[in-house]
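Small disclaimer: the values here were computed from a predicted structure and weren't measured.
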Amino acid sequence: MNTRWLVQLAGVTRYEFFLVWRGKTMLVMVVMLLVMGAIFWGIMNEGVQYARMTVGVEVFPLEIKADMSRTLASMIWGPLCIALVGVLPVLASDMIPKDRQSGVYPLLESTPLPTGVYLLGKLFGLWLSVLSGLLVVMVGVGIIFWRLLDGFDLRPYLEIWGIGAVSLLILNGGLAVLLPCGLSNRRAALILMAAVMGGALFLGGEGVWGYLNPIRAPIVMHYFTGFIPGRPELISHFTGRDVFLSAAAGAAELAVFGALAWGWLRWGFERT
Amino acid sequence: MIEITNLTKTYAGKVHALNGIELEIGSGMFGLVGPNGAGKTTLMRIIAGLLRPTAGSVRVFGHDLASQRGRQEAKALLGYLPQELGFYPNLSGREFLDYMAILKGVTDSRERKQQIGELVELVRLTEVADRRLKTYSGGMKRRIGIAQALLGKPKLLIVDEPTVGLDPEERVRFRNLLSEMAGRCTVILSTHIVEDISHSCSDLAVMDKGRVVFRGAPGDLITQARGHVWTITTKGEQPNGSLAVVSTLQLHDGVSYRVLGQPGALYPSAQAVEPSLEDGYIWLMRRSAGVMA
């Protein structure tokens, strides 16, 4: 990459970051997740006080604290999955179509901006903006949980965010940018992504298809049910290996769609 | 230098937008005029590297637009103001210009800042440059569009209907600005407002139905209408159908018409007048349509 491409990439990323944050949907998503954290505090507070009385100590032993930490971490995972599997693909679907619909695309095309840099800038801009929003929620909800238990085991909590949420963000956010890139209408893009995600719900989450399905069942289920201790009937059969395989398959899928999107946009000129 | 050879563009559905265009455009200000649907915007979009011609070739400062590399290199020299301009409503004017400057390859942030400062001053938007674009009026949006076209000190400036939406004072300012730019780079100005051409271009082409029907200096176009422009005053009745009415002026005792054609014996009081560029243009278009001999 030469200097001009790097500056262009940084520029597209920066301004897409601004545009996502100024679009309000992102703000609503972050506030909703923080509110969910507060609601969980309200629900759990009484139980924690009761448990304190039952155990008869003010500060829980470490192993109980670890169990409760995993329970809390898996509670926030539910709303997080809805945000990253349900809302994000729709939120991100118009990132390229909006350029066409608003008439900005001819201006962008008139500059020496390579197609690859444009696509990467769009992806990085989305990932960075959502990541910053998730960071706010992670810290906010983390503080709520910390106060609830007077300190808790951070490892499952950080794993849920660092591996689970980041994987879903990169894979599903990326897919939502790349899949509708040939459309010139925001509504059509939104419908396409809603149809893809809705259709994927009915296609199952087992086997190879389970790894490729944008619902990402191995990741979602591993953290959703697999983290609740003492409830063997809820323990997911998806292991850490499945999470890795699902992320790897999703990354390969993203690379394929990235190449197709790049080809479609690059040879757009030939189709004119 | 822009060299256009045998350029043809046919859209799906067999719509012939351009038909064997041959043009050489040198430095300075070049005017492209013609009615709606003449093919001006298609030609501009091809020169800007946004549209693939069906046949023929375009070279911009030696770069062949048929190749991806040629287009990329030509785009690095280009400033483009499309007819229909789009914006990101949630960016401020200054941010939008910064974004465009980055895409145009102005990599140094201090240089970008300086260029943006100068351009917002030039288009008189300094005071509102930090406001979101969604709060801008139509004229302000047009001016920010003009500013973005001038970013990166382009060698070729393509402006498609640039004065639409500007008030008269702004139009004059913008024409002067384009004339000033023409001293430093090649400017292609496409418009259907003949007045814009007459005040700023020394070289022009008139397009109609995808063909160049005139190429030369504005004076040559005016000369074509000499002896065919008249004023006729009537009590109110319209001049004979064979005459083209260019303008109408209500007087207290009748109506004065500026017409193109030969009034002959029907209007013995008709007075020959000096043609303007607009007269020359209308004369040419009517002749091209076979209405006048």
Side-chain angles (χ1 to χ4, degrees), chain A residues 1-27 94-122 125 129 184 186 262-263 265-272, chain B residues 9 11-12 41-42 44-54 65-69 71-92 95-96 98-109 112 132-134 145 148-149 151-152 154 156 158 160:
Chain A
M1 264 199 173
N2 63 29
T3 312
R4 187 171 80 188
W5 290 356
L6 284 175
V7 174
Q8 286 174 326
L9 180 60
V12 179
T13 304
R14 180 171 167 228
Y15 282 106
E16 284 302 326
F17 177 87
F18 289 159
L19 288 168
V20 170
W21 270 106
R22 289 174 190 177
K24 291 196 183 78
T25 319
M26 184 67 194
L27 198 64
D94 69 348
M95 285 194 78
I96 293 176
K98 80 172 179 226
D99 285 355
R100 290 216 180 81
Q101 190 173 337
S102 65
V104 176
Y105 202 69
L107 273 188
L108 304 182
E109 271 190 305
S110 74
T111 66
L113 173 70
T115 308
V117 174
Y118 172 69
L119 277 178
L120 275 179
K122 289 276 180 187
S129 54
S184 52
R186 298 176 76 168
W262 179 79
L265 294 180
R266 186 171 160 113
W267 279 282
F269 175 81
E270 305 300 331
R271 299 192 304 273
T272 57
Chain B
K9 177 69 189 175
Y11 288 110
T41 296
T42 300
M44 301 288 239
R45 286 173 61 82
I46 289 175
I47 300 172
L50 308 181
L51 209 56
R52 183 178 61 91
T54 308
L65 299 191
S67 72
Q68 173 79 17
R69 190 187 174 87
R71 282 196 300 279
Q72 285 294 99
E73 285 175 4
K75 284 175 182 180
L77 310 171
L78 174 71
Y80 178 55
L81 176 65
Q83 191 174 353
E84 282 173 25
L85 191 57
F87 296 99
Y88 294 115
N90 283 328
L91 291 186
S92 73
E95 285 172 337
F96 177 70
D98 184 56
Y99 187 36
M100 290 309 298
I102 290 169
L103 301 189
K104 284 183 171 201
V106 186
T107 53
D108 184 67
S109 62
R112 278 202 307 274
R132 299 255 176 113
L133 286 165
K134 64 182 170 192
Q148 71 75 29
L151 281 166
L156 169 63
I158 297 180
D160 198 355

Novice: What part of B:Gln68 gets within 4.5 angstrom of chain A, counting heavy atoms only: side chain, backbone, both, or neither?
Specialist: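 Only the side chain of B:Gln68 comes within 4.5 Å of chain A.
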
Novice: For B:Leu65, is it the side chain, the backbone, both, or neither that has a heavy atom closer than 4.5 Å to a heavy atom of chain A?
Specialist: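 Answer is backbone: N, CA, C or O of B:Leu65 sit under 4.5 Å from chain A.
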
Novice: What distance separates B:Thr107 OG1 from A:Asn2 CG, expressed to the nearest 0.5 Å?
Specialist: 9.5 Å

Novice: Counting only heavy atoms closer than 4.5 Å, note whether B:Tyr99 contacts chain A via side chain, backbone, both or neither.
Specialist: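 When you check distances to chain A, atoms from both the backbone and side chain of B:Tyr99 fall under 4.5 Å.
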
Novice: If you look at every heavy atom in A:Val7 and B:Arg112, which pair is closest and at what distance?
Specialist: CG1-NH1, 4.1 Å

Novice: Can you tell me how far OH of A:Tyr15 sits from CG of B:Asn90, rounded to the nearest 0.5 angstrom?
Specialist: 13.5 Å

Novice: Under a 4.5 Å cutoff for heavy-atom pairs, which residue among A:Gly103, A:Gly11, A:Pro114, A:Pro112 has the most contacts with chain B?
Specialist: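 Looking at each option in turn, the highest pair count goes to A:Pro112.
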
Novice: Partners of B:Tyr80 by ring pair (Phe, Tyr, Trp, His ring centres under 6.0 Å), sequence neighbours excluded?
Specialist: none

Novice: Would you check if B:Arg45 and A:Pro106 make a side-chain contact, meaning some heavy-atom pair closer than 4.5 Å?
Specialist: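 Yes - at least one pair of side-chain heavy atoms lies under 4.5 Å apart.
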
Novice: Would you give the length of the straight line joining atom NZ of B:Lys104 to atom CG of A:Leu108, rounded to the nearest 0.5 angstrom?
Specialist: 11.5 Å

Novice: Sequence neighbours excluded, which residues qualify as salt bridge (Lys or Arg N to Asp or Glu O under 4.0 Å) partners of B:Arg132?
Specialist: none

Novice: With rounding to the nearest 0.5 Å, note down the distance linking CG in B:Leu91 to CG in A:Leu19.
Specialist: 4.5 Å

Novice: Supply the atom-to-atom distance B:Gln72 CD to A:Thr115 OG1, rounded to the nearest 0.5 angstrom.
Specialist: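 The OG1 atom of A:Thr115 is 7.5 Å from CD of B:Gln72, to the nearest 0.5 Å.
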
Novice: Mind ranking B:Gln148, B:Arg71, B:Glu84 by heavy-atom pairs under 4.5 Å with chain A and telling me who comes out on top?
Specialist: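 Highest number of pairs under 4.5 Å: B:Arg71.
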
Novice: Flag the one option from A:Thr111, A:Leu113, A:Val12 with the top tally of heavy-atom pairs under 4.5 Å to chain B.
Specialist: A:Thr111

Novice: Drop me the distance from B:Ile102's CD1 to A:Arg4's CZ, to the nearest 0.5 angstrom.
Specialist: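 B:Ile102 atom CD1 to A:Arg4 atom CZ measures 13.5 Å (nearest 0.5 Å).
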
Novice: Kindly give the heavy-atom pair with the smallest separation between B:Lys75 and A:Glu109, and that separation in Å.
Specialist: NZ-O, 2.7 Å

